[in-house]
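Since we're looking at a predicted model, the values are computed, not measured.
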Amino acid sequence: MAAHVEEAAFRPEWATAAYWLRFAPTLHITDAGFLARGRTPFFINPATVRQGLIQDGFFELAPPEDDGLFEDGGGWGLDVAELGKAMVALGAGGWPPVYALVFDEVWVLRARLGAALNAACGLEANFDFAAFHA
C-alpha cells in the first residue's frame, strides 16, 4: 500500500464522501435516486443464466441493450467503465480495489445481478464480494 495509507490507523477524511469521490468524481455515494436503479431487473433469459451455472459454476452476461430506462449508463444502469477506472484510481491511491464498495454503482450492479440470479434459479445473492485490478 502507498505510504499515506500506512501512516495512520484512521483519518477523519476517510469517512467522507468527498474523500472517495476524489478517486471517481462521476460516481455516486449514498445517492438514493441512483440506488433506486437497483430495483430495475435486467431483461435476461433465466434459462441461459441457469445453464451457465450448471455447466460452469458461474454465468456471464453480455452488456444488456440500452432499454431506455436510464438517461445514462446504457443497459447496465451505470457506467461500468467509470467503475473500472475508479478501481484503478483507488489502487494508485494505495487502496485495494474492493474499496470500490463505497460507490453506489457497485450496489446497483449487485442488486440487478442478484435479481438475475434469483430469476434463474431462485437463489439470493450474498454479500461475498471481491474486486481485482490486474
Side-chain angles (χ1 to χ4, degrees):
M1 283 191 204
H4 79 277
V5 174
E6 296 172 2
E7 290 173 5
F10 177 76
R11 292 185 180 181
E13 70 178 329
W14 294 347
T16 67
Y19 176 79
W20 299 103
L21 288 170
R22 291 189 310 202
F23 295 99
T26 64
L27 299 186
H28 303 83
I29 297 177
T30 63
D31 180 330
F34 188 82
L35 285 167
R37 294 177 179 206
R39 292 192 296 263
T40 305
F42 291 119
F43 298 107
I44 61 151
N45 181 345
T48 302
V49 171
R50 190 172 30 258
Q51 187 60 35
L53 288 169
I54 291 168
Q55 272 186 317
D56 304 314
F58 63 91
F59 66 92
E60 296 179 75
L61 294 177
E65 289 187 33
D66 187 348
D67 49 20
L69 291 175
F70 308 111
E71 71 279 2
D72 61 349
W76 290 115
L78 58 117
D79 192 329
V80 175
E82 287 299 312
L83 185 56
K85 289 177 188 175
M87 290 185 199
V88 172
L90 287 165
W95 296 98
V98 74
Y99 275 77
L101 291 172
V102 74
F103 299 110
D104 296 344
E105 281 73 4
V106 172
W107 298 99
V108 167
L109 193 56
R110 181 242 176 247
R112 296 191 81 204
L113 289 172
L117 182 63
N118 187 273
C121 44
L123 299 174
E124 295 295 327
N126 65 25
F127 290 95
D128 187 8
F129 281 100
F132 301 94
H133 172 239

**Complete:** Closest non-hydrogen contact found for Ala111 with Gly38 is CB-O, 3.4 Å
**Complete:** Between the OG1 atom in Thr40 and the CZ atom in Arg112, the distance rounded to the nearest 0.5 Å is 6.0 Å
**Message:** Run the side chain to side chain donor-acceptor pair (under 3.5 Å) test against Thr16 and tell me which residues pass, sequence neighbours left out.
**Reply:** none
**Request:** Rounded to the nearest 0.5 Å, what's the gap from OG1 on Thr48 to CD on Glu60? Could you check?
**Result:** 12.0 Å
**Complete:** Rounded to the nearest 0.5 Å, the CG atom of Leu61 sits from the CG atom of Leu113 at a distance of 6.0 Å
**Prompt:** Does any N or O in the side chain of Asn118 come within less than 3.5 Å of the main-chain N or O of Glu124, such that one atom is a donor and the other an acceptor?
**Reply:** no
**Request:** Name the orientation class of the two ring planes belonging to Phe23 and Tyr19 (parallel below 30°, tilted from 30 to 60°, perpendicular beyond 60°).
**Result:** perpendicular
**Prompt:** Within a strict 4.5 Å, meaning less than it, do heavy atoms of the Val80 and Leu78 side chains meet?
**Reply:** yes
**Fill in**
Closest heavy-atom pair, Ala119 versus Pro46, reported as atoms and distance to 0.1 Å, is O-CB, 3.6 Å
**Rounded distance [0.5 Å steps], CG in Leu21 versus CG in Leu27** = 7.5 Å
**Message:** Which heavy atom of Ala100 sits nearest to which heavy atom of Val106, and what is that distance?
**Reply:** O-CG2, 3.2 Å
**Request:** With the side chain counted from C-beta on, respond yes when His28 and Arg37 share a heavy-atom pair under 4.5 Å apart, and no when they do not.
**Result:** no
**Request:** Any pair with a residue in residues 80-95 that passes salt bridge (Lys or Arg N to Asp or Glu O under 4.0 Å), sequence neighbours left out, goes on the list, sorted by first then second residue, please.
**Result:** Glu82-Lys85
**Complete:** Residue set satisfying side chain to side chain donor-acceptor pair (under 3.5 Å) with Gln55, at least two apart, ordered chain then number -> none
**Message:** If I take atom CZ from residue Phe103 and atom CZ from residue Phe34, how far apart are they, to the nearest 0.5 angstrom?
**Reply:** 11.5 Å
**Asked** Out of curiosity, Ile29 CD1 to Leu35 CG, how far, rounded to the nearest 0.5 Å?
**Response** 11.0 Å
**Request:** Indicate yes or no: at least one non-hydrogen side-chain atom of Asp79 is less than 4.5 angstrom from one of Thr26.
**Result:** no
**Request:** May I ask whether Leu90 and Phe10 are part of the same hydrophobic cluster, defined by side-chain heavy atoms of I, L, V, M, F, W, Y residues being less than 4.5 angstrom apart, directly or through others?
**Result:** yes
